[in-house]
Peer 1: 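Supplied in structure tokens, the structure appears directly below.
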Amino acid sequence: MQYTEGQLGRVFMVRIDDGEDMLKSLHRFILDKGIQAGSIIFLGALMNGRMVTGPEEPVIPPVPHFVMFEGGWEVFGVGTIFTGEGGPHIHYHASVGRSGHALTGCLREEAVTYLIVEAVVFEFTGLMARREFDQKTQLELPTLGKG
């Protein structure tokens, strides 16, 4: 186990409008505001997107199982923000649902807003944390200051 302790910094409300890519919009916002560590909670609707719904097989390193969704899905989820190689990395997990069907997983590559997504971005300060490549899992994992 690893941990680090910090404080709550700035808090932002962000509105992402119809047709905007939620992932790209929030990444640009986090870059513009210079956020190094934090968390995001969000809700709204997505027209389409791509998510990892688990591994193809439960092995390490995992091969992600991608699922596309389209046609207007309700969404809520959370994300973590940590600086890594090349700037901030945001790891999103969400649930999307439409007409009695639901998916839960890691949003990746694209998540186009339908109507609106409302997000709250919490900045953390004083943390000893970064996202670094882990050789065993082949993933960018948070490395925290104490363990």
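Please read all numbers here as calculations on a predicted model, not as lab measurements. For the numbers below, each heavy atom of this structure counts, side chains included, while hydrogens, waters and symmetry mates do not.
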Peer 1: So I116 and I16, side-chain contact (heavy atoms from CB on, under 4.5 Å) or not? Walk me through it.
Peer 2: CA-CA 6 Å; I116 190 170; I16 302 146; over 6 Å; no
Peer 1: side-chain contact (heavy atoms from CB on, under 4.5 Å) between R108 and Y92: does it pass, once the steps are laid out?
Peer 2: CA-CA 8 Å; R108 294 211 193 148; Y92 295 98; over 6 Å; no
Peer 1: Is the backbone N or O of G19 less than 3.5 Å from a side-chain atom of T113, with the two atoms forming a donor-acceptor pair by type?
Peer 2: no
Peer 1: Check whether the side chains of E56 and H65 place a donor and an acceptor atom closer than 3.5 Å, and report yes or no.
Peer 2: yes
Peer 1: Cluster question for you: counting only ILVMFWY and a side-chain heavy-atom cut-off of under 4.5 Å, with indirect links fine, are F42 and F122 together?
Peer 2: no
Peer 1: Centres of the H93 and H91 rings: under 6.0 Å?
Peer 2: yes
Peer 1: With a cut-off of under 6.0 Å to the ring centre and 45° to the axis, is R131 in cation-pi contact with F82?
Peer 2: no
Peer 1: Between R10 (side chain only) and K33 (backbone N and O only), is there a donor and an acceptor less than 3.5 Å apart?
Peer 2: yes
Peer 1: I'd like to know whether V121 forms a side-chain contact (heavy atoms from CB on, under 4.5 Å) with V11, so could you lay out the CA-CA distance, the side-chain angles of the two residues, the decisive distance to 0.1 Å, and finally the verdict.
Peer 2: CA-CA 6 Å; V121 179; V11 178; over 6 Å; no
Peer 1: Looking at E85, I want to see if its CD is surrounded by more than 12 non-hydrogen atoms of other residues, nucleotides or ligands under 6.0 Å.
Peer 2: no
Peer 1: Please name the pair of heavy atoms, one in L107 and one in M22, separated by the smallest distance, quoted to 0.1 Å.
Peer 2: CD1-CE, 3.8 Å
Peer 1: Go through the steps for R98 and E74 under the test side-chain contact (heavy atoms from CB on, under 4.5 Å), then give the verdict.
Peer 2: CA-CA 6 Å; R98 180 172 189 251; E74 297 295 315; over 6 Å; no
Peer 1: Run the salt-bridge test on E110 and R50 with the 4.0 Å N-O cut-off and return the result as yes or no.
Peer 2: no
Peer 1: Aromatic ring centroids of F12 and F29 under 6.0 Å?
Peer 2: yes
